[in-house]
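The next block holds one structure in the form of structure tokens; read it before the comments.
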Amino acid sequence: MQTMMKAAVLHQIGGPLQIQQVPVPQPGPGEVLIRITACGVCHSDLHAMDGDWAAQPVLPLIPGHEITGQVVALGSGVQEPVVGSIVGVPWLYSACGTCEFCLGGMETICPKSESTGYTKPGGYAEYMVAPAAFVANIPDNVDLYELAPILCAGITTYRGLKRSRATLGQWVAVLGIGGLGHVAVQYAIAMGLRVVAVDVSEDKLELARSYGAECLINALDNPVETLREKIPGGVHAAVVTAVANAAFEQSVAMLRPGGTAVFIGLPGGSADTVRASISAISGWELSITGSNIGTRQDLNEAVAFAARGKVRAQVVKDNLDNINEIFERMRKGALVGRTVLAIG
Ligand SMILES: [Zn+2]
Ligand SMILES: [Zn+2]
């Protein structure tokens, strides 16, 4: 097996990434070595590179957390997966397994969790290691390039919809039909919800319609008033995947009494706070909740929808060598669907 590999490495906050040769990592106890097939390019990677969050990434960093690939070697003590297994690696690299949150089915907020492509090396490389207990088993005969974004955009929006508590036949607004939102619309439809799509782009709204969204609202045109005209009383739930701050405030104003807004998108920087009506939240018993990627169980469920063809990420394949240009386009909001690095 080769001893050196190509990787995109961040050496200082603010970037750019350097394409260079680094040693192939060796799997330690309980870990597997994965030869990477595909890695999605997520907006969170840009936040990581820009140092937008309070807890800074560990440098030098190989970003990337939407990974599919094949297990090629095992560390000591690993029974499953076996060599040759197709696996996925999500943002949740590991969690402690013993804290009150892990024991309570909320490993997403484990204070000792590690993050792929943030505190641990990620998927912008030919190989990576990951804990065997935290990789997702991927069924054979799925497209590993299309599946890669499900490891982040899929699991994140799927868990967000679960946390909205919207049930069959109820209305959910999806604000932002980008890399996350176009997947959210498909999960919502597959889960029996009725979808209102909200975005500034008519093209993205049309994409949402093609997936089954019944109501399309241009966010530039009084979206709250328009929604309340079209859906009297408002929506049961709103899931915000946009990165524009206004969308978060609008989502709460779109709710019907008892409704829930789920915050998923991350504006970052100075746009990190919202204003909301205390009297509306109190008087109408509204909920605002966050959703942070997902548990391993969420991941298995989210992958199962995709493997059955119920949800497909719209992917554009690109090359690891182009990673800095990809991020320039992302900064301009010029990416359509999900860019996936075709590595293997
Ligand atoms: Zn992500
Ligand atoms: Zn824990």
Side-chain angles (χ1 to χ4, degrees), residues 8 10 17 30 36 38-50 52-53 55 57 61-68 88-124 128 130-131 133-134 136 145-160 176 178-184 187 239-243 262-268 290-299 302-303 306 311 313-316 318 323 326-327 330-331 335 337-341:
L10 182 73
L17 292 166
I36 296 170
C39 184
V41 180
C42 177
H43 208 271
S44 294
D45 298 330
L46 194 53
H47 285 305
M49 290 162 50
D50 287 349
D52 281 340
W53 298 328
L61 175 71
I62 300 174
H65 57 268
E66 302 185 349
I67 301 142
T68 55
V89 186
W91 173 261
L92 183 69
Y93 183 87
S94 65
C96 79
T98 56
C99 73
E100 67 173 291
F101 306 109
C102 284
L103 294 176
M106 295 285 283
E107 62 193 12
T108 50
I109 52 174
C110 171
K112 291 182 183 164
S113 66
E114 301 279 358
S115 305
T116 308
Y118 201 80
T119 65
K120 294 288 185 179
Y124 292 1
M128 71 177 296
F134 282 82
Y145 304 97
E146 278 188 8
L147 194 75
I150 297 300
L151 275 296
C152 176
I155 180 179
T156 299
T157 56
Y158 175 66
R159 178 177 173 83
L180 287 170
H182 85 289
V183 175
Y187 275 107
V239 172
V240 191
T241 66
V243 291
V262 184
F263 289 1
I264 296 176
L266 296 167
S291 189
N292 181 17
I293 319 291
T295 65
R296 282 171 281 177
Q297 183 59 28
D298 295 323
L299 181 55
V303 167
V311 176
Q314 194 191 46
V315 305
V316 178
D318 210 322
I323 188 67
I326 293 167
F327 280 120
M330 180 182 282
R331 283 184 198 282
L335 295 179
R338 200 62 149 186
T339 299
V340 171
L341 302 173

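This structure is a prediction, so every number in the text was calculated from the model and none was measured. Whatever order the structure lists ligands and atoms in, that order sets their numbers, starting from 1.
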Taking the Zn ion (ligand 2) as the apex, SG on Cys99 and SG on Cys102 give an angle, to 10°, of 110°
Option from Ile323, Asp45, Ile62 for which side chain to side chain contact (heavy atoms under 4.5 Å, CB included) with Leu17 holds
Ile323
Cys110 SG and Cys96 SG subtending at the Zn ion (ligand 2) (10° steps):
110°
Nearest-0.5 Å distance that lies between atom NE2 in His65 and atom CG in Leu92
11.5 Å
Supply the atom-to-atom distance Thr156 OG1 to Ile293 CD1, rounded to the nearest 0.5 angstrom.
3.5 Å
For Thr108, does its backbone N or O pair with a side-chain atom of Asn292 as donor and acceptor, under 3.5 Å?
yes
Taking both backbone and side-chain atoms into account, decide whether His43 has an N/O/S atom under 2.8 Å from the Zn ion (ligand 1).
no
